[in-house]
Amino acid sequence: NAGVTQTPKFQVLKTGQSMTLQCAQDMNHNSMYWYRQDPGMGLRLIYYSASEGTTDKGEVPNGYNVSRLNKREFSLRLESAAPSQTSVYFCASSGTGNPNYTFGSGTRLTVV
Amino acid sequence: AQSVAQPEDQVNVAEGNPLTVKCTYSVSGNPYLFWYVQYPNRGLQFLLKYITGDNLVKGSYGFEAEFNKSQTSFHLKKPSALVSDSALYFCAVRDRVYKLSFGAGTTVTVRA
């Protein structure tokens with residue numbers, strides 16, 4: 001099925017460890033986004049990529065880095081995980097001229 | 001900066017009764033407004049959007065939303081709620097670079 005695929009679905013990290021969250025879309029969308037979801041705070045934008053080769057900071061970028069590897073893939077890296085980064089992470093994509101986002105199913109990350 | 005607010009953390013209704021989820025917005029210029037729904041352990045799914053045109057927008061699963069410019073509101077409605085409508089609902093506003101800003105979310109519980 002066409003859509004946005006995120007891996008892994010679950011992850012537990014120790015404080016200070018690093019990891020990369022993977023996201024891929026097969027809808028030929030230009031724009032891709034990483035959000036984190038925390039209770040009572042909705043979704044907050046971490047980074048986005050308006051098109052292949054470009055990335056920009058969102059509302060809460062500290063502690064994260066991103067790579068737009070190609071048009072399909074947009075990864076999120078935590079270099080040194082902290083308990084404050086315990087959250088559910090969602091990747092999304094959207095096409096030119098179509099404002100609707102398609103979301104992945106999320107990655108539930110726990111940092112202990 | 002553009003933003004939306006969802007004044008109710010929770011909405012509880014009986015099955016068959018009307019359902020309303022409130023959203024107010026703050027934007028400069030014309031608003032592009034959205035509603036998304038999230039079922040447990042799933043990503044967000046698009047329900048409907050307002051870009052321009054009729055103030056009453058119809059969307060998926062029998063939902064509709066009323067855009068009110070004078071009250072800066074975009075409330076989500078369903079004439080007759082179902083138990084299966086129980087979920088987390090998010091209002092969102094789009095900026096000029098196609099980024100979405102989300103409200104904190106409203107948990108809807110429909111009791112049988």
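We name chains A, B, ... by the order of the sequence lines, and we start the count at 1 in each one.
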Legend entry - Under 4.5 Å from a heavy atom of chain A, the part of B/Q38 involved: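 Side chain of B/Q38 only, per the 4.5 Å heavy-atom cut-off to chain A.
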Inset, instruction - Go through the atoms of B/K49 and report whether side chain, backbone, both or neither lie under 4.5 Å from a heavy atom of chain A. - result: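 The answer is the side chain of B/K49.
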Kindly check if the number of other-residue, nucleotide or ligand heavy atoms within 6.0 Å of [atom1] ([X]) is above 12?
| X | atom1 | value |
| --- | --- | --- |
| B/K22 | NZ | no |
| B/R42 | CZ | no |
| B/D54 | CG | no |
| A/R44 | CZ | yes |

Would a single hydrophobic cluster contain both [Y] and [X], if residues Ile, Leu, Val, Met, Phe, Trp and Tyr are joined by side-chain heavy-atom contacts under 4.5 Å?
| X | Y | value |
| --- | --- | --- |
| B/V37 | B/V93 | yes |
| B/L47 | A/F90 | no |
| B/V27 | B/L48 | yes |

Inset, instruction - Could you look at A/L43 and say if it's the side chain, the backbone, both or neither that has a heavy atom under 4.5 Å from chain B? - result: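 For A/L43, backbone and side chain are both near chain B.
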Legend entry - Residue A/Q6 versus chain B: region with a heavy atom under 4.5 Å: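 When you check distances to chain B, no heavy atom of A/Q6 falls under 4.5 Å.
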Legend entry - side-chain contact (heavy atoms from CB on, under 4.5 Å) between A/D56 and B/K99, worked out: CA-CA 11 Å; A/D56 287 285; B/K99 303 195 309 293; over 6 Å; no
Legend entry - 4.5 Å side-chain heavy-atom contact, A/Q37 and B/F90: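 Side-chain contact under 4.5 Å: yes.
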Inset, instruction - Count the heavy-atom pairs under 4.5 Å between each of B/T107, B/L88, B/L44, B/I51 and chain A, then report the option with the highest count. - result: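 Of the candidates given, the most pairs with chain A belong to B/L44.
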Inset, instruction - Measure the spacing between OH of A/Y33 and CG of B/L100 and express it to the nearest 0.5 Å. - result: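 Between A/Y33 OH and B/L100 CG, I get 7.0 Å after rounding to 0.5 Å.
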Legend entry - Contact summary for B/A104 and A/G40, nearest pair of heavy atoms: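 Shortest heavy-atom separation between B/A104 and A/G40 comes out as CB-O, 3.5 Å.
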Inset, instruction - Would you mind telling me which of B/Y36, B/F46, B/F34 makes a side-chain contact (heavy atoms from CB on, under 4.5 Å) with A/Y101? - result: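 The option that passes is B/Y36.
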